[in-house]
Amino acid sequence: MLQTADEPSFRDSVDLMFSRAVRLMDLSPGLEQKIRVCNSTYTVRFGVRLRGKIETFTGYRSVHSEHMEPVKGGIRYALSVHQDEVEALAALMTYKCALVETPFGGSKGGLCVDPRQWEEHELELITRRFAYELIKRDLIHPAQNVPAPDMGTGEREMAWIADQYARMNTTDINAKACVTGKPPHAGGIQGRVEATGRGVQYALREFFRHPGDVALTGLTGGLSGKTVIVQGLGNVGYHAAKFLCDEDGCTITGIIERDGALTDEKGLDVDAVRDWIARNGGVKGFPGGTYIEDGAALLEGACDILIPAAMEGVINKSNADRIRASLIIEAANGPITFGGDEILRHKGKIIIPDMYANAGGVTVSYFEWVKNLSHIRFGRMQRRAEEARSRLLVEELEQLSADKGLGWTLSDDFKERFLTGSDELALVRSGLDDTMRTAYQSMREVWHGREDVEDLRTAAYIVAIDRVAKTYRSKGL
Ligand code: GLU
């Protein structure tokens, strides 16, 4: 269920959230307006000859803010894509990038297409044609506009886009940096696919490091043992659920998908559900757990943590009042409407907002972009040097123990971990973890440091808008 008819559009909803924050800030009306508006939206309609006839597709690339360049944001493939949505998502990218300190402006793209309707080779033709239209206008460019995956797209589409750019810019040595989210063999980076889900996990871990914040939800203790309902078992929802279950001791008691939902108080097997969906197209008939046809109703199910990881507008004025979860973490972009947010806030629910919660994707995209521009894999120079230093220390300690007859022994587990230098994946995780912790703390300072800020979302907007404003001011605006 999306936003109700009497609610503002997605873009207006983002605008209202922006306004709520700006009212608490000291910005000149001119600067406020400059930051708020979407700089440009390019609409393209192009034809592709498919199955013996010409099919016309409509696509968009919105640039919300160029206070930093390149601008950054994914490309979404869905039949529901439209200009208002793309502009809302582009605005969220601006604030998200500012909040997690990735040096980008905000952008977003979308193509009205149902990817499940086309064969792989057809999707390649469509993607290359769309990319061609954007590349020739510098709307895909390593220094100006760098897309990434979003709903309905992934590594495969990003590889096609990168290749299309390289074909059209044969002497650009930085061509690979024109898009992120590429597969590792095509210039991608380890850990990008799961980055958004990993970011959700790190965000929750950071939240639970602050017992005072946890207390506001009415929950106690750490993440372990918490019950979780996740909406959407796509790339983000799947990885978030899997990591929380496998590594943090959470129990996934509900999974909501397009065709219904599954519940099991004892915990659902996330991988088994994912495999079932891949083979059967939905959750219906899954042998473990109870099937509910009205999937959206499970958003209102009792649980500790609710993770909407699918579409925008799913929690709105029509159902916000009945949400029972103590803590909501927005893994999708815009899953709670402005009206829904008001209701939840007044009920005292704690919401970890999208611009923070799902920033893991763009954070690792940033690492990938830097990797492409530096033309070297992270860790390649220092990994073995790091190992050699650690070995020196271990050998010295062991020698000392033998010489002095101290009988010290270092456990094999310690030695293995201590002697392993950081490879690219370890460095990506470290950078992501650091980013999520730092960004949470910057939001938290505003949340608790100011009497007039009631919630994390407003705090996030204030931190982000303040950073964007500073950049504009130093440009002389
Ligand atoms: N589409 C993702 C998002 O909404 C990733 C964007 C990127 O990596 O540029 O944040």
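Just so you know, ligand 1 is whichever comes first in the structure, and atom 1 is the first atom listed for that ligand.
Closest heavy-atom approach to atom 2 (C) of ligand 1 among the candidates Ala90, Gly73, Ala148, Pro149: Pro149.
With ligand atoms numbered from 1 in the order given, ligand 1 contributes 7 (C), 8 (O), 9 (O) to contacts under 4.0 Å with heavy atoms of Val362. Remark: ligand 1 atoms within the under-4.0 Å shell around heavy atoms of Gly74 are 1 (N), 6 (C). Remark: ligand 1 atoms within the under-4.0 Å shell around heavy atoms of Gly361 are 8 (O). Ligand-side atoms of ligand 1 in range of Lys72: 7 (C), 8 (O), 9 (O), range being under 4.0 angstrom from any heavy atom. Less than 4.0 angstrom separates some heavy atom of Arg192 from each of these atoms of ligand 1: 5 (C), 8 (O). Every atom of ligand 1 with a heavy atom of Met93 under 4.0 Å away is listed here by number and element: 3 (C), 4 (O), 6 (C), 10 (O).
For an aromatic pair to be called close, the ring centres must be under 6.0 Å apart, and Phe104 with Tyr366 satisfies this. Taking the centre of each ring, Tyr42 and Tyr60 stay at or above the 6.0 Å mark.
Geometrically, ligand 1 and Asn358 share no nitrogen or oxygen pair separated by less than 3.5 Å. For ligand 1, one of its N or O atoms has an N or O atom of Lys96 under 3.5 Å away.
Among Thr41, Asn333, Val63, the single residue meeting the side chain to side chain contact (heavy atoms under 4.5 Å, CB included) criterion with Lys108 is Asn333. Checked against Tyr238 for a side chain to side chain contact (heavy atoms under 4.5 Å, CB included), the options Asp271, Val273, Ile255 give a single hit: Asp271.
Residue Met158 places no heavy atom under 4.0 Å from ligand 1. Distances shorter than 4.0 angstrom do not occur between any heavy atom of Gly181 and any atom of ligand 1.
A donor-acceptor contact under 3.5 angstrom links the side chains of Ser19 and Arg36, judged on distance only. Side-chain polar atoms of Tyr472 and Ser65 form a donor-acceptor pair below 3.5 angstrom. Donor-acceptor pairing under 3.5 Å is lacking for the side chains of Glu257 and Gln231. Looking at Ser9 and Asp84, their side chains do bring a donor and an acceptor atom within 3.5 Å of each other.
Of all protein heavy atoms, the one lying nearest to atom 8 (O) of ligand 1 is Ser365 OG, 2.6 Å. Of the protein's non-hydrogen atoms, the one nearest atom 4 (O) of ligand 1 is Lys108 NZ, 2.9 Å.
Environment of CD1 in Ile173: sparse, with no more than 12 heavy atoms of neighbouring residues, nucleotides or ligands closer than 6.0 Å.
Looking at Asn333 against ligand 1, only its side chain comes within 4.0 Å, counting heavy atoms.
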